[in-house]
Amino acid sequence: ARAFGRFEGKYLSQLERLGTWVLDPRYPEVREYLIETYERALREWDLDGFKLDFVDRFTAGPETRFDAGEGRDFASIDAAVDRLLGDVSERLRRLKPDVMIEFRQSYIGPLMRKYGNMFRVNDCPNDGLRNRIGALDLRLLCGRTAAHSDMLMWHPADPVESAALQLLNVLFSVPQISVLLDRIPPEHVEMLRFWLGFWREHRDVLLDGALRPLHPETHYPVVIASRDDRMIVAFYDEAIANPGRAIPRELMLVNATRSHRVALELEADLGPCELECFDCRGRGVRRETIALGRGLHALEIPPAGWLRCRPAR
């Protein structure tokens with residue numbers, strides 16, 4: 001890069017695999033160079049936001065000296081990175097108050113919330129399990145900061161139910177769709193349109209409701225979110241879900257598996273309930289009224305479909 005000579009002697013280390021050097025943020029001119037680069041991009045291209053990557057590369061090399069002096073105004077690399085990211089955030093928001101600043105695993109944590117407003121799962125395209133684990137891990141540590149999935153991808157020849165599982169695995173985060181809509185089958189587009197509509201309609205529950213991701217030791221096989229008069233229970237394995245005694249008026253069960261049924265354990269008698277069942281494309285499968293008493297219930301739901309339960313009228 002043209003800037004290499006300008007900053008010679010102000011690098012932390014060399015990354016041979018990437019063919020680059022890592023700038024040392026303990027030099028104020030290094031921090032200013034980086035910040036001005038982002039400011040210029042924001043002004044010239046009117047960007048909505050930035051993904052600030054490779055933050056975890058600010059690490060000491062074998063020749064690193066841990067002292068201030070010789071132009072360095074910090075001895076600590078961590079303290080210098082804190083100053084850099086804080087200044088980046090402040091100056092970009094000065095130009096555009098609602099600018100998006102995204103960080104991704106593996107360099108995120110509660111402290112990073114003061115610099116950015118979006119966290120994203122690490123690279124795992126076409127891996128619904130890793131996407132689910134990463135998204136729920138984010139939700140548990142990021143407070144009200146937006147938690148985004150990694151890019152959702154699948155093969156166009158996949159069955160529509162399998163494609164739907166990629167989206168359902170990140171239902172409790174902001175999904176990022178990366179398939180090309182003009183290169184997937186019409187039934188995949190129909191499925192996306194339906195489930196994204198479901199997500200938009202219930203995002204206040206999925207993103208802002210009381211979240212209970214159960215059994216992290218087995219990769220969150222059941223996730224429950226509730227708010228006001230609605231509760232959403234997602235099944236990611238053939239596990240038994242117990243939503244507790246306080247069940248709101250509308251209970252939604254999402255079958256995020258390739259199985260044809262889910263197991264629900266009730267601690268209280270719900271009485272006569274009206275059930276509406278839908279497949280992964282939002283098409284109605286059945287409608288019936290049954291009594292849901294205390295105990296275990298096996299409920300038929302198509303793979304990647306869902307069921308709505310409300311008190312019978």
Side-chain angles (χ1 to χ4, degrees), residues 128 132 152 154 156-175 177 179 181 184-207 209 221-243 247-266 268-293 295-313:
R132 176 173 88 240
L152 301 184
W154 58 84
D158 282 347
V160 65
E161 295 84 0
S162 294
L165 295 184
Q166 295 290 336
L167 179 56
L168 294 184
N169 269 287
V170 299
L171 196 60
F172 299 90
S173 63
V174 180
I177 312 298
V179 290
L181 299 182
I184 57 175
E187 59 268 27
H188 288 198
V189 177
E190 185 181 7
M191 174 274 294
L192 268 180
R193 182 176 291 115
F194 166 68
W195 274 117
L196 289 175
F198 178 97
W199 184 89
R200 283 193 296 268
E201 180 180 357
H202 301 293
R203 60 180 294 174
D204 59 331
V205 180
L206 296 166
L207 299 185
V222 174
V223 182
I224 302 172
S226 58
R227 182 171 182 170
D228 301 327
D229 59 348
R230 285 165 295 152
M231 175 182 286
I232 297 173
V233 180
F235 297 79
Y236 295 103
D237 200 347
E238 294 187 15
I240 298 172
N242 183 335
I247 297 179
R249 178 174 178 81
E250 185 169 358
L251 177 64
M252 290 167 273
L253 306 179
V254 177
N255 179 16
T257 77
R258 290 301 303 269
S259 174
H260 288 264
R261 67 177 185 176
V262 301
L264 181 70
E265 181 181 25
L266 297 176
D269 187 346
L270 299 186
C273 293
E274 182 180 273
L275 305 184
E276 291 181 274
C277 189
F278 305 86
D279 67 9
C280 70
R281 295 154 69 180
R283 300 175 302 181
V285 174
R286 72 178 188 281
R287 186 170 184 167
E288 60 182 338
T289 300
I290 65 172
L292 288 179
L296 284 172
H297 299 271
L299 299 171
E300 297 289 330
I301 304 177
W306 74 290
L307 182 144
R308 176 164 50 206
C309 173
R310 292 181 287 196
R313 300 174 183 175

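Sequential numbering from 1 along the given sequence is applied to the chain's residues. Quick caveat: nothing in here was measured; it's all calculated off a predicted structure.
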Nearest 0.5 Å please: distance from the [atom1] atom of [X] over to the [atom2] atom of [Y].
| X | Y | atom1 | atom2 | result |
| --- | --- | --- | --- | --- |
| Met191 | Gln166 | CE | CD | 9.0 Å |
| Glu300 | Ser259 | CD | OG | 8.0 Å |
| Leu167 | Leu152 | CG | CG | 6.0 Å |
| Asp229 | Glu250 | CG | CD | 7.0 Å |
| Trp154 | Ile184 | CH2 | CD1 | 5.5 Å |
| Ile224 | Leu253 | CD1 | CG | 10.0 Å |

Could you report the tightest heavy-atom contact between [X] and [Y], atom names first, then the distance?
| X | Y | result |
| --- | --- | --- |
| Arg227 | Asp204 | NH1-O, 3.3 Å |
| Ala304 | Leu168 | CA-CD1, 3.7 Å |
| Pro243 | Leu266 | CG-CD2, 4.4 Å |
| Ala263 | Phe235 | O-CE2, 3.3 Å |
| Arg132 | Val170 | N-CG1, 4.5 Å |

Could you check whether any side-chain N or O of [X] sits under 3.5 Å from a backbone N or O of [Y], counting only pairs where one atom can act as donor and the other as acceptor?
| X | Y | result |
| --- | --- | --- |
| Trp195 | Leu171 | no |
| Asp237 | Ala239 | no |
| Trp199 | Ser173 | yes |
| Asn255 | Gly305 | no |

Note to self: Tell me whether the rings of Phe198 and Phe194 are parallel (<30°), tilted (30 to 60°) or perpendicular (>60°).
What the structure shows: tilted
Margin query: Just to verify, which of Ile301, Thr257, Val222 counts as forming a side-chain contact (heavy atoms from CB on, under 4.5 Å) with Val262?
Written below: Ile301
Notebook entry, point to check: Under the criterion salt bridge (charged side-chain N to carboxylate O under 4.0 Å, His left out), which of Arg287, Arg249, Arg308, Arg286 is the partner of Glu274?
Noted result: Arg287
Taking C-beta and beyond as the side chain, do [X] and [Y] meet within less than 4.5 Å on heavy atoms?
| X | Y | value |
| --- | --- | --- |
| Arg310 | Cys273 | no |
| Cys280 | Val160 | yes |
| Ser226 | Ile247 | no |
| Val285 | Leu307 | no |

Are more than 12 heavy atoms, taken from residues, nucleotides or ligands other than [X], located less than 6.0 Å from that residue's [atom1] atom?
| X | atom1 | answer |
| --- | --- | --- |
| Glu238 | CD | no |
| Ile290 | CD1 | yes |
| Arg230 | CZ | yes |
| Arg258 | CZ | yes |

Notebook entry, point to check: Looking at Glu190 and Arg283, does any basic side-chain N land under 4.0 Å from a carboxylate oxygen?
Noted result: no
